[in-house]
Amino acid sequence: MQTELKPERGHSSHILHGAMLLGLASVLSKIIGTFQKIPLQNIGGDGVFGIYNAVYPFYVLLSTAAAAGIPIAISRLVAEQELYGDKEEQRSLLIAALLLVEIIGAIGFMLMYTEAERIAGWIGNSHTIAAIRASSFAMLVIPLAAVLRGYEQGKGRMTSTAVSQVIEQLARVTVMIVLLLVMTRAHAQEDSIAAGAVFGSFAGGIFGIIVLTLMMRRERGTTEQAWTGVSLSKVARWTKRIAWTAVPICLGALVTPIVNVVDVFTVPRMLLHDGWTETEAIMEYGLYSRALPLTQLITLTAGSLVVGLVPTIASSWQRASYHEARTLIKGAMHTAWIIGSAATVGLVVLSRPINISLYTNDAGMTAFILLSCTVLMGTLQVVSAGLLQGIGALRAPVIHLLIASVVKVVLNLLLVPMLGIAGAGWSAIAALSVAAVLNIRVLGTQTELNKAEWMGHSFKLFGSLLGMGMAAWVSAQLVMGFAGGRLSAVIATTIGVLIGVAVFAVLSMRLRVLEPEEWLIVPRVGHRLEAMARRMLR
């Protein structure tokens with residue numbers, strides 16, 4: 001039996017620090033992508049917002065199916081070849097992945113463009129046809145960007161991934177806002193305006209690929225060197241291996257997109273059955289979707305942290321360095337537990353000022369609060385699925401995806417007719433909770449890692465969350481009490497977030513929710529936070 005290799009002192013913290021840097025860089029990208037929906041709703045209105053949100057989850061589902069498993073699969077396979085130092089195999093792997101995803105992306109493009117009317121019929125709203133066709137173009141570029149990012153992550157180069165993500169989102173939002181302004185001033189129809197907004201994804205993908213290509217070229221040298229040692233037989237062999245590796249990973253990543261697509265195909269249609277018109281139903285779905293950008297921002301950011309860890313965990317597991325792998329897994333789950341809990345409480349207590357800040361009014365508050373409650377389980381589900389993939393347990397997230405999807409469909413059918421969009425919120429909580437609990441159970445069995453090891457100090461965490469929630473809520477209410485309107489809501493949200501974060505950090509230090517050395521993973525200010533935590537414990 002291979003002897004377990006012990007990591008060097010501080011090795012795990014260094015890896016977590018690097019993953020956190022990638023995660024924080026991804027946060028910026030996700031924030032840009034999240035807040036692009038503010039001008040979308042403010043300029044286009046709830047009708048355009050509803051059409052966009054009815055189409056976008058379907059686009060996310062298809063782009064995830066085409067590309068989600070690729071970055072993790074590529075990063076794992078490249079990391080393996082890095083251990084052997086085989087550059088030729090890495091180049092063959094990259095070319096095989098690019099060919100594979102472009103074929104899949106082209107098929108996805110043709111299906112979405114030619115079958116847009118059929119898909120709109122499934123949604124139950126003809127106003128979505130133009131937006132579906134506009135979104136199909138992104139299928140030609142998003143998978144390519146996913147391959148290049150996965151390759152760079154496997155090589156341990158996180159900077160290019162982070163920079164390209166930010167550039168892609170900036171380009172996407174810029175194009176979207178320009179088209180929104182031009183088309184609204186031209187008094188275009190709502191479905192055309194929504195289509196223009198969706199088309200921004202294609203423009204963003206183009207810019208992302210350009211940046212990635214330039215940065216990779218600088219790293220690897222000339223184009224001739226990149227093709228050295230590549231053969232058709234190698235490409236064919238790697239294509240097969242990538243497909244077998246990526247498919248289960250991809251299916252495991254589809255939980256949240258499928259939950260959202262279930263809503264797209266059930267909620268508007270069921271509202272129509274209750275006597276709503278197409279326009280009214282799509283506007284109501286727009287209200288339901290208000291919290292989604294924020295909840296997805298948090299869960300996707302957590303997923304970005306895991307993407308940075310997967311190659312290292314996979315390498316440690318293959319080398320039988322189980323102690324190192326378990327240390328990384330424990331740290332990732334502990335971080336997800338704390339971030340998910342704090343984000344959930346923060347979104348719930350500040351839900352009203354956030355809603356007004358982003359969308360000018362507090363319509364759809366019940367659904368907003370319910371979707372905010374999905375953050376904790378959504379975060380744990382995304383992180384645990386990525387960790388399972390890192391240790392090679394690829395089937396479990398797929399099975400749990402199917403179970404969660406069934407739960408979502410059944411509960412939507414039962415609850416939406418009774419509760420409207422609030423019923424969809426309750427079913428989302430249940431579906432993500434089922435997927436998260438099942439993932440965590442398998443992860444514990446495979447790694448022999450007890451939940452208590454990463455859920456430690458739960459009572460202390462509860463105390464910190466209670467203090468944070470009360471401080472954030474009271475401060476926001478005081479500001480909102482002085483004056484109404486959007487400006488006061490923005491100020492209330494800002495003050496509530498800042499005070500809440502400060503109170504949570506102080507209480508976490510005093511109650512030792514996080515040990516002093518755990519603060520080191522926070523980039524730039526980690527050492528200061530560690531010193532502050534140690535002073536508080538004296």
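This is a predicted model, so every value here is computed, not measured. Numbers here simply count residues along the sequence, with the first being 1.
With rounding to the nearest 0.5 Å, the separation of CG in Leu350 from CD in Gln477 is 9.0 Å. The CZ atom of Phe368 sits 5.0 Å away from atom CG of Asn355, with the distance rounded to the nearest 0.5 Å. To the nearest 0.5 angstrom, Gln446 atom CD is 12.5 Å from Arg441 atom CZ. Between the CG atom in Asn42 and the CG atom in Leu358 there is a gap of 8.5 Å [rounded to 0.5 Å]. One distance of note links CG of Leu370 with OG1 of Thr295; it measures 12.0 Å at 0.5 Å rounding. In this structure, Ser475 OG and Ile499 CD1 are separated by 4.0 Å, a value rounded to the nearest 0.5 Å.
Side-chain contact between Met333 and Leu387: present, with at least one pair of heavy atoms (C-beta onward) separated by less than 4.5 Å. Residues Ile298 and Leu347 form a side-chain contact, since some pair of their non-hydrogen atoms from C-beta on lies under 4.5 Å apart. Proximity of Ser164 to Met215: side-chain heavy atoms (C-beta onward) are nowhere separated by under 4.5 Å. Side-chain contact between Trp337 and Leu376: present, with at least one pair of heavy atoms (C-beta onward) separated by less than 4.5 Å. Within the 4.5 Å cutoff, the side chain of Val406 has no heavy atoms near those of the Leu402 side chain. At a threshold of 4.5 Å between non-hydrogen side-chain atoms, the residues Thr266 and Val416 do not count as touching. Here the side chains of Phe504 and Leu461 are in contact, with some heavy-atom distance below 4.5 Å. Residues Ile421 and Tyr285 are not in side-chain contact: their nearest non-hydrogen atoms beyond the backbone lie 4.5 Å or more apart.
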Please assess Arg149 against Leu212 for the test side chain to side chain contact (heavy atoms under 4.5 Å, CB included), listing each intermediate value before the final yes or no. CA-CA 8 Å; Arg149 289 185 182 124; Leu212 274 168; 3.7 Å; yes

Worked check of side chain to side chain contact (heavy atoms under 4.5 Å, CB included) between Cys373 and Val348: CA-CA 7 Å; Cys373 291; Val348 170; 3.9 Å; yes

Given side chain to side chain contact (heavy atoms under 4.5 Å, CB included), test Leu507 with Leu465 step by step and report yes or no. CA-CA 9 Å; Leu507 290 176; Leu465 293 172; over 6 Å; no

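Taking both residues in full, the closest heavy atoms of Ala422 and Thr366 are given as CB-CG2, 3.9 Å, listed atom of the first, atom of the second, then distance. Taking every heavy atom of both residues into account, Gln381 and Ala435 meet most closely at CG-CB, 3.7 Å. Among all heavy-atom pairs drawn from Ser427 and Leu411, the shortest one is CB-CB, 3.4 Å. Closest non-hydrogen pair, Ser464 versus Leu511, comes out as OG-CD1, 3.7 Å. The two residues Glu168 and Gly205 make their nearest non-hydrogen contact at CG-N, 3.9 Å. Here the closest non-hydrogen pair linking Ile356 and Gly485 is CG2-O, 4.2 Å.
Applying the ring-ring contact (aromatic ring centres under 6.0 Å, His included) criterion to Phe265, with sequence neighbours excluded, gives Phe58. Every residue two or more places apart in sequence or in another chain that forms a side-chain contact (heavy atoms from CB on, under 4.5 Å) with Leu170 is listed here: Ile32, Val166. By the side-chain contact (heavy atoms from CB on, under 4.5 Å) test, Thr493 is found to be paired with Pro353, Ile354, Ser357, Val497, residues two or more places apart in sequence or in another chain being considered.
Two rings, from Phe462 and Phe459, have their centers 6.0 Å or more apart.
Every pair passing salt bridge (Lys or Arg N to Asp or Glu O under 4.0 Å) that includes a residue from residues 345-373 is listed here, sequence neighbours excluded: Arg352-Asp362. Residue pairs meeting the salt bridge (Lys or Arg N to Asp or Glu O under 4.0 Å) criterion with at least one member in residues 476-489: none, sequence neighbours excluded. The salt bridge (Lys or Arg N to Asp or Glu O under 4.0 Å) pairs that include a residue from residues 404-423 are Asp263-Lys408, where partners are two or more places apart or lie in different chains.
No side-chain donor-acceptor contact under 3.5 Å links His334 to the backbone of Lys330.
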